[in-house]
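The structure appears below as structure tokens.
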There are 2 protein chains.
Amino acid sequence: MTAPAFQLHDHAHCSGDVLARAEALTTASGARLTPVRRRALEILLEAHRAMGAYEVLQRLAAEGYGNQPPVAYRALEFLVEQGLAHRIRRLNAFTACMHPGEAHAPAFLICRACDTVAEAAAAPVRAALDAAAADLGFVVERANIEALGLCPACQAQA
Amino acid sequence: MTAPAFQLHDHAHCSGDVLARAEALTTASGARLTPVRRRALEILLEAHRAMGAYEVLQRLAAEGYGNQPPVAYRALEFLVEQGLAHRIRRLNAFTACMHPGEAHAPAFLICRACDTVAEAAAAPVRAALDAAAADLGFVVERANIEALGLCPACQAQA
DNA sequence: TTATGTATGTAATATCATAACACGTCAAGA
DNA sequence: TCTTGACGTGTTATGATATTACATACATAA
Ligand SMILES: [Zn+2]
Ligand SMILES: [Zn+2]
Ligand SMILES: [Zn+2]
Ligand SMILES: [Zn+2]
């Protein structure tokens, strides 16, 4: 598993690794990782944090891409559909998926002090959710699991 | 447990019951369930579905309360803080809590076809989430668990 | 080549949410 | 009693987020 955001790690490496896998995945599935889309993903990876659509747009526009909201929203939507990024609704933001390709039901841990977002392995969480839903006859297709709390670093400070 | 939204039930009864408990809870805690706040809760209960802040506002304004966004947002924020309502981020909406007072980690089941929202008992889900977070040294304070899928009725239709 | 689907760009608008300030009420304390 | 401060409500104005609709460019395939 990719190192969680909370820990120090060789970011250039984990980022490049994810990007390579993203290329492979989209090629394999027939989806087109066009320049804007690829650049949007790179921007998320470089930031290594959740970014708002307008923030991504600003970066894209500065590099010569369109400067209207749909440009960013479409690229980000594509990435989310392909499982290359996730949408964090609590923050109205997006973040690159740190382990694309691996089947995973992501759960996000959002530090309320430093806004760092980590993606936790949540297969057991998802299983419990599916079970609770099944009790009511509900079939879960997608789930957003977002936890707000304190990351290790910010716990130490407090 | 209160009947889930997916099932037919005596809504007037479940709604009145919840409102009575809300009164008791706020009185006990010293919080003030003022007319606007109480009416906002009633509106959510009557609708028995998730409502946007502006939708609630419209109802409040029609009854003589203020007609500016903060009026609705403040009332709804109060209800959420008191555990009398929940915010559904996926829908940018709010819904009355169907079992206030009971300690509960809510999980919401949102039907993508009819937009009905049910509140599932999610203690096991929350437990799994806490465990996954603990692995990374993260302490969960609050969690939003929102599942998108198909409710029993809409499954039958499809 | 021409047709077709997909991707991108732009303008305009819709929707959601908050900041800042004014006013009224009520209760504690001088 | 008068003052003060906390709280709730209302309003104006603005900010932040997201989508619709339409035009243009580009790829691919008949
Ligand atoms: Zn992921
Ligand atoms: Zn932190
Ligand atoms: Zn609840
Ligand atoms: Zn349904």
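If you take CZ of A:R39 and P of C:dT8, they are 15 Å apart, rounded to a whole angstrom. Nucleotide C:dT18 holds its C1' atom 14 Å from the CG atom of B:L57, rounded to whole Å. Separating the CZ atom of A:F78 from the C1' atom of C:dT8 is a distance of 14 Å, rounded to the nearest angstrom. The CD-P distance, from A:E63 to C:dG9, rounds to 12 Å in whole Å. As a whole-Å value, the separation of B:R90 CZ from C:dC16 P is 15 Å. Taking atom CG on A:L33 and atom P on C:dA7, their separation rounds to 12 Å, with Å as the unit. For the pair A:R32 CZ and D:dA25 P, the interatomic distance rounds to 17 Å; values are reported in whole Å. Distance, B:L76 CG to C:dC16 C1': 13 Å, rounded to whole Å.
A:F108 has its ring centre less than 6.0 Å from the ring centre of A:H86.
Between B:N144 and A:R89, the side chains place no donor N or O within less than 3.5 Å of an acceptor N or O (distance only, hydrogens not considered).
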Per-nt protein contacts along nucleotides 9-21 of chain D (heavy atom under 4.0 Å; B base, S backbone sugar-phosphate only, - none) come out as BBBB----BBBB-
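For the pair A:Q155 (side chain) and B:G137 (backbone), a donor-acceptor distance under 3.5 Å is present.
The residues B:E46 and B:R59 are annotated as salt-bridged, a charged nitrogen and a carboxylate oxygen being separated by less than 4.0 angstrom.
Relative to the six-membered ring of A:F78, A:R37 meets both conditions, a distance below 6.0 Å and an angle of at most 45° to the axis.
Residues satisfying the side-chain hydrogen bond (donor to acceptor under 3.5 Å, both in side chains) test with B:E141, not counting sequence neighbours, are A:R112.
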